[in-house]
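First comes the structure, then the notes that go with it.
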Amino acid sequence: MPETSPVSELPTIRIGGFDTVSVSRAALAERMVEDCRAARTAGSSWAPKLVFSSNGQGIALAGQDAAFMETMENADVIHADGMPVVLASRLTRRRLPDRIATTDFFHDAALAASREGLRFFFLGASEEQNAAAVARVREMYPDLDVVGRHHGYFGPEDTADVLEEILASKADVVWVALGKPRQEHWCVEVRDQLPGVGWLKTCGGLYAFLAGDAPRAPRWMQAVGLEWLYRTLDDPKRLIWRYATTNPYAFYRIARHTDWRRPRRARHDEL
Ligand code: UDP
């Protein structure tokens, strides 16, 4: 059996240095619902679960930046956002059942939240992109309770106001799009000041996709782990340097920091 992460109690497998949860997208959405229910019951004694994701950029960054690695170790859940992480898992003793790209998971989460009456708050991105993304979400999920939104270009002096807004909204899930590594550091920093919030979920470029500012790669490119290439061709100025520098190092880290033990062969008498 895989190890169990002590806080999330979800099975994990170590890939590229991160203990990555081995669950389906649907199971993760279910866990969100359970945690948010528990948060409502616990009230002020509940600190939000930190739900982060793993991709090549993050794996590479954690190897270069000890503070980012330490921040990632505070996560309750790290899920496989990048296809290379999922492909690597297929060579280990426990293949991940799903890639959980945040851009896909958002829709599982929104459906579950609409059904269960959970409240979403959207933090991050420019004011314009945040507003456009939230408008689109309202259109797509008319039953979803969107209780607030705030752009992501605020300084430390404004953090208290942003936190007050989130608390007043009674959000169950706060989607945090402040870019890596700011969004992860921010979640760890404010966690204890947001009692009763169920989840802080980092979501990077999600609002660009929701607002229609960035197209998703064709499905075949997603399936073979080339979504990064599609994004680079779409926005080369911003992404070519990012992927050229992070990809080779991320592959090295996946090779070095993954639990490669193969599944144990069942003995004849166990068959
Ligand atoms: N962002 C922000 N505040 C900042 C830095 C970034 O709100 O101080 C937003 C940015 O506008 C973008 C998101 O964070 O919407 C990060 O997107 P990126 O494409 O870098 O994420 P990824 O590629 O990791 O999904």
Side-chain angles (χ1 to χ4, degrees), residues 16 18 20 50-65 67-68 71-72 75 78-86 99-107 109 120-137 148-159 161-163 165-166 174-190 200-217 221-222 225-247 249-250:
F18 295 142
T20 310
L50 305 184
V51 183
F52 297 166
S53 64
S54 167
N55 59 13
Q57 187 203 356
I59 288 173
L61 189 59
Q64 292 158 333
D65 176 353
F68 182 63
T71 281
M72 289 298 286
I78 298 176
H79 63 81
D81 183 73
M83 197 60 196
V85 178
V86 180
R99 173 189 180 196
I100 308 185
T102 304
T103 34
D104 296 322
F105 174 70
F106 173 75
H107 299 283
F120 278 6
F121 189 105
F122 293 88
L123 177 68
S126 67
E127 173 58 24
E128 201 188 4
Q129 191 170 77
N130 180 299
V134 168
R136 183 77 188 109
V137 168
R149 61 172 201 87
H150 195 288
H151 66 80
Y153 291 89
F154 57 91
E157 66 286 0
D158 301 317
T159 299
D161 289 345
V162 172
L163 297 180
E165 219 176 288
I166 293 171
V174 182
W175 296 86
V176 183
L178 301 174
K180 262 187 206 347
R182 185 181 170 203
Q183 59 194 12
E184 287 80 7
H185 289 314
W186 192 84
C187 289
V188 171
E189 182 194 318
V190 304
L200 295 179
K201 173 72 194 90
T202 54
C203 60
L206 173 68
Y207 304 160
F209 291 107
L210 289 173
D213 295 342
R216 266 324 275 286
M221 286 185 98
Q222 295 183 35
L226 288 178
E227 191 159 19
W228 61 272
L229 179 61
Y230 184 87
R231 290 188 67 191
T232 305
L233 295 174
D234 184 59
D235 189 358
K237 264 216 283 247
R238 193 171 73 89
L239 295 177
I240 241 172
W241 183 244
R242 178 197 284 187
Y243 288 123
T245 53
T246 60
N247 272 0
Y249 186 50

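First listed ligand is number 1; within each ligand, the first listed atom is number 1.
Ion pair Arg149/Glu127 flagged as a salt bridge, since at least one NZ, NE, NH1 or NH2 atom sits closer than 4.0 Å to an Asp/Glu carboxylate oxygen. Between Asp235 and Arg242 there is no salt bridge, since none of the side-chain N atoms of the basic residue sits less than 4.0 Å from a carboxylate O of the acidic one.
Looking only at protein heavy atoms, the nearest one to atom 9 (C) of ligand 1 is Ala177 O, 3.5 Å. Protein heavy atom closest to atom 22 (P) of ligand 1, with residue, atom name and distance, is Gly205 N, 3.6 Å. Remark: minimum distance from atom 7 (O) of ligand 1 to any protein heavy atom is reached at Ala125 N, 2.7 Å. Considering only non-hydrogen protein atoms, atom 5 (C) of ligand 1 sits nearest to Leu178 O, 3.2 Å. The protein heavy atom nearest to atom 8 (O) of ligand 1 is Arg182 NH1, 2.7 Å.
Residue contact check for ligand 1: Gln183 places no non-hydrogen atom closer than 4.0 Å to it. Ligand 1 has at least one atom lying under 4.0 Å from a heavy atom of Tyr153.
Considering both main-chain and side-chain atoms, Gly179 comes within under 3.5 Å of ligand 1 through a nitrogen or oxygen pair.
Proximity of His151 to ligand 1, defined as any heavy-atom pair under 4.0 Å, is not found for any part of the residue. Of all the heavy atoms of Gln57, the ones lying under 4.0 Å from any atom of ligand 1 belong exclusively to the side chain. Residue-level proximity to ligand 1 for Arg242 is carried by the side chain, the only part with a heavy atom below 4.0 angstrom.
Of the listed options Ala208, Gly204, Ala214, Gly152, Gly204 places a heavy atom closest to atom 12 (C) of ligand 1.
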task = List the steps and the verdict of side-chain contact (heavy atoms from CB on, under 4.5 Å) for Val85 and Ile59.
result = CA-CA 9 Å; Val85 178; Ile59 288 173; 3.9 Å; yes

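Heavy atoms of other residues, nucleotides or ligands lying less than 6.0 angstrom from CD of Glu128 number 12 at most.
Phe105 and His79 have tilted rings, their planes meeting at an angle from 30° to 60° on a 0 to 90° scale.
In terms of modelled atom types and a separation under 3.5 Å, the side chain of Glu227 and the main chain of Gly82 share no donor-acceptor contact. Looking only at distances, a side-chain donor or acceptor of Asn130 sits under 3.5 Å from a matching main-chain atom of His150.
Interface atoms of ligand 1 facing Arg231, defined by a heavy-atom separation under 4.0 Å, are 19 (O), 23 (O), 25 (O). Set against the non-hydrogen atoms of Gly124, the atoms of ligand 1 under 4.0 Å away are 7 (O). Proximity to Arg238 (heavy-atom distance under 4.0 Å) selects the following atoms of ligand 1: 18 (P), 19 (O), 20 (O). Residue Gln129 has at least one heavy-atom neighbour below 4.0 Å for each of these atoms of ligand 1: 15 (O).
A search for ring-ring contact (aromatic ring centres under 6.0 Å, His included) contacts involving Phe68 returns nothing, not counting sequence neighbours. Partners of Pro236 under the side chain to side chain contact (heavy atoms under 4.5 Å, CB included) rule, at least two apart in sequence or in another chain, are Ile240.
The shortest heavy-atom contact between Asp81 and Ser53 is CB-CB, 3.6 Å.
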